[in-house]
Amino acid sequence: MILDGREVPVPPGASILETARAAGTTIPTLCHHPALPPDGSCRVCLVEIDGRPGLHPACVVPAHADLVVRTDSPPVQAARRHVIRLGLGDYRPGLGKTHNELLTLAARYNVAPPAAAPGRTASVDESNPFIRVDHGACIRC
Ligand code: FES
């Protein structure tokens with residue numbers, strides 16, 4: 001596969017995201033987790049693929065040797081900024097005191113939270129002794 005102008009090997013059955021990571025190229029993600037099936041919900045991992053109109057989520061598109069992929073072109077960067085801006089529109093200050101990937105990406109892509117972000121008032125579900133669910137921190141994956 002040609003990735004940002006460089007020929008890289010495609011591991012068997014790998015997605016574009018997995019191929020890029022194996023080749024040392026970082027594509028940002030929010031909803032992707034290697035232990036879960038790919039969902040393609042957050043759209044932060046969008047990339048350009050020659051011959052295919054629009055942008056495509058790298059985490060769900062299978063890689064193959066014939067693909068020519070751009071992971072950081074101006075249209076990709078613009079789309080990522082838009083997706084991050086949408087995520088920040090629901091951002092509730094105070095979340096992620098230890099690590100917040102959305103804020104990390106916002107800083108990397110120079111996206112500020114909206115001045116009048118309303119924040120969410122969603123509840124926290126602590127009914128399970130092992131899992132705490134803060135719906136206000138949801139990235140809609
Ligand atoms: Fe690919 Fe979320 S990481 S869509």
Side-chain angles (χ1 to χ4, degrees), residues 1-115 117-141:
M1 183 173 90
I2 305 299
L3 185 71
D4 296 331
R6 178 171 62 109
E7 187 171 347
V8 299
V10 177
S15 66
I16 291 174
L17 175 66
E18 292 163 333
T19 300
R21 285 182 173 173
T25 295
T26 299
I27 297 175
T29 59
L30 287 175
C31 69
H32 178 76
H33 190 287
L36 300 172
D39 187 56
S41 296
C42 75
R43 312 310 258 192
V44 163
C45 68
L46 292 173
V47 296
E48 277 189 297
I49 304 172
D50 272 10
R52 297 186 187 185
L55 302 173
H56 307 273
C59 65
V60 295
V61 176
H64 61 82
D66 297 336
L67 291 183
V68 177
V69 176
R70 282 177 296 284
T71 69
D72 207 31
S73 64
V76 167
Q77 291 182 23
R80 284 192 189 136
R81 278 193 290 275
H82 182 68
V83 168
I84 293 164
R85 193 171 294 115
L86 288 175
L88 289 174
D90 283 337
Y91 176 68
R92 190 175 69 206
L95 289 174
K97 290 186 172 141
T98 54
H99 178 76
N100 183 316
E101 188 63 19
L102 179 60
L103 292 182
T104 300
L105 291 177
R108 183 192 308 169
Y109 286 91
N110 200 23
V111 178
R120 289 189 221 155
T121 56
S123 63
V124 175
D125 180 352
E126 296 180 313
S127 60
N128 186 302
F130 303 105
I131 301 171
R132 178 179 184 271
V133 180
D134 183 348
H135 296 281
C138 175
I139 58 165
R140 307 198 195 296
C141 68

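What you see is a predicted model; the values in this text were computed from it and never measured.
Annotation: the span from His82 atom NE2 to Leu46 atom CG amounts to 10.5 Å, rounded to 0.5 Å. The distance from atom CD1 of Ile27 to atom OG1 of Thr71, rounded to the nearest 0.5 Å, is 5.5 Å. In this structure, CG in Leu30 is found 6.5 Å from CD in Glu101, a value given to the nearest 0.5 Å. Here CG of Asp72 is found 10.5 Å from CD of Glu48. Values are rounded to the nearest 0.5 Å. Distance check: Thr19 OG1 to Leu3 CG gives 8.0 Å after rounding to the nearest 0.5 Å. One distance of note links CD1 of Ile2 with CG of Leu67; it measures 10.0 Å at 0.5 Å rounding.
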Notebook entry, point to check: Passes side chain to side chain contact (heavy atoms under 4.5 Å, CB included), Val69 versus Met1? Steps please.
Noted result: CA-CA 8 Å; Val69 176; Met1 183 173 90; 4.0 Å; yes
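Of the possible donor and acceptor atoms, none in the side chain of Asp125 sits under 3.5 Å from a partner among the backbone N and O of Val133. A donor-acceptor pair under 3.5 Å links the side-chain atoms of Arg80 to the main chain of Val44, judged by distance alone.
Residues Arg70 and Val47 fail the side-chain proximity criterion, which asks for heavy atoms closer than 4.5 Å. Counting heavy atoms from C-beta on, the side chains of Glu18 and Ile16 never come closer than 4.5 Å. Proximity of Cys59 to Cys45: side-chain heavy atoms (C-beta onward) are separated by under 4.5 Å at one or more points. Looking at heavy atoms from C-beta onward, Leu88 lies in side-chain contact with Val111 at the 4.5 angstrom threshold. Taking the side chain as every heavy atom from C-beta outward, Ile84 and Leu102 approach each other to under 4.5 Å.
Partners of Thr26 under the side chain to side chain donor-acceptor pair (under 3.5 Å) rule, at least two apart in sequence or in another chain, do not exist in this structure. In this structure, Arg43 has no salt bridge (Lys or Arg N to Asp or Glu O under 4.0 Å) partners at least two apart in sequence or on a different chain.
No side-chain donor-acceptor contact under 3.5 Å links Arg81 and Tyr109. Judged by distance alone, the side chains of Arg21 and Thr29 do bring a donor and an acceptor atom under 3.5 Å apart.
Within 6.0 Å of the CG atom in Asn110, the count of heavy atoms belonging to other residues, nucleotides or ligands does not exceed 12.
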